[in-house]
Amino acid sequence: MRRVVLLTTGGTIASRLLPQGGYGVATSSSLAAPVVDDIGHVDVRSVTHRNSFDMTHRDIRQITESAADALSSPDVAGVVVAHGTDTLAETAALQALIHADRRPVVVTGAQRPPDHAEPDGPRNLADAIRVAAHPSAQGLGPLVVFGKRVLPAWGTTKAHTASLSAFLRVLDEPAASHGGGRDLSVPGLVSLGFPIRRPDPLPAPTPVFDHMSVPVVTSHVGADGQLLDLVVAAGADAVLIVGTGLGNVTTPLARAVERAVARGLPIGVSSRTLQGPLAPIYRNGGGRDLVDAGAVLLTGVDPGQARIFLALVASLNDHDSRLSELRRYASRWCAQDPGSP
Ligand SMILES: NC(=O)C[C@H](N)C(=O)O
């Protein structure tokens, strides 16, 4: 019988109503693994007890290390990570970037706590365990299972604060296929985003990753370059610019990007807009100016995943090689839209 390892990290799926009101993750909380037919044994291991909005770089690095430890046992068919949904995509992104095993790591969670009249956690957990042990999930890399959907971890985003089907793909997908896309067929689950291409993995993060400073500067009406100048002066290791639309910013912010790149700082660009590719189309602060200034459009992922990508690349390289390495890795992991609006 196949064995699955369940890593618990906290989140709403493991939250309880606190005596003072409000929900929190009880440190004693041990998530019970549901019984899933034809799965031999689910080995439950606690990694941390946090709501995911409170995770640190060290926490998510330890989650990936726990997954690697679980996969070091050849009798383990796959790993499930039960996680808060707010930053689930960020932990899933780190796992996706470094995953070098044919067996899957499947990340899931819940929008409702266990004491809700109709909790979604038990069903998501059972589906995630089934996918983790399913032969057709082999070789697809890390996955997100949520609300009867299976999605590749890289390029998936939390798109709704409360919906039970909260996770979507950033890049538009072919029509959903019931029972699985070309590469995935787990009965009763809808697959979004397959088939996928998986670039070669990056090296696993070291403790250097824990201390990476990668602030986020968001463009908006009237945005100037002052905040970016301040974080650069404060010693940021990299900066994520969250632009508008196809990856555009105000002219003053674009000038500040030029100043930052001129100092050798790796600058990635994402978008406030939920879905669709980035493209270097517009001048006067648009993405074309940013690319000409040396910034890198990180298309296909949401700002949270783009920032994890920046932090991992920066942590793996010295200051002088970060910008060139960012461009090299982004050419593989962030499919660049050819630039047609
Ligand atoms: N639905 C959730 O899990 C939200 C939760 N607050 C979290 O840990 O992100």
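When a ligand or atom number is given, it counts from 1 through the structure's own listing order. This one's a predicted model, so the numbers in the text were calculated from it and none came from an experiment. For reference, positions follow the sequence shown, starting with 1.
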### Atoms in ligand 1 with a heavy atom of Phe53 nearer than 4.0 Å
6 (N)
### Query
Would Tyr23 and Asp115 count as having a side-chain donor-acceptor pair, cut-off 3.5 Å?
yes
### Query
Which residue holds the protein heavy atom closest to atom 4 (C) of ligand 1, what is that atom called, and what is the gap in Å?
Thr12 OG1, 3.2 Å
### Task
Carefully, step by step, assess Val232 and Arg259 under the rule side chain to side chain contact (heavy atoms under 4.5 Å, CB included).
CA-CA 9 Å; Val232 172; Arg259 293 193 290 272; over 6 Å; no
### Message
Please check whether Asp86 reaches ligand 1 - meaning an N/O of the residue sits under 3.5 Å from an N/O of the ligand, judged on distance alone.
### Response
yes
### Task
Only counting residues at least two apart or in another chain, list the ones meeting ring pair (Phe, Tyr, Trp, His ring centres under 6.0 Å) with Tyr329.
none
### Query
Against heavy atoms of Gln111, which atoms of ligand 1 measure under 4.0 Å?
1 (N)
### Task
State the atoms of ligand 1, each with its element, that fall below the 4.0 Å cut-off from a heavy-atom position in Gly11.
8 (O)
### Task
May I ask whether Ala110 has any heavy atom positioned less than 4.0 angstrom from an atom of ligand 1?
yes
### Message
For atom 3 (O) of ligand 1, what is the closest protein heavy atom, and at what distance to 0.1 Å?
### Response
Thr85 N, 2.9 Å
### Message
Geometry only, no angles: is Asn51 polar-contacting ligand 1 at N/O separations under 3.5 Å?
### Response
yes
## Note on the structure
Among non-hydrogen protein atoms, atom 8 (O) of ligand 1 lies closest to Ser52 N, 2.7 Å
### Message
Keeping Asp237 on the side-chain end and Val214 on the backbone end, is there a donor-acceptor pair under 3.5 Å?
### Response
no
### Query
Can Thr244 and Arg272 be counted as having a side-chain donor-acceptor contact under 3.5 angstrom?
no
### Message
Any side-chain to backbone donor/acceptor pair from Trp154 onto Trp333? Under 3.5 Å, distance only.
### Response
yes
### Message
Does the plane of the ring in Phe209 sit parallel, tilted or perpendicular to the ring in His57? Use 30° and 60° as the thresholds.
### Response
parallel
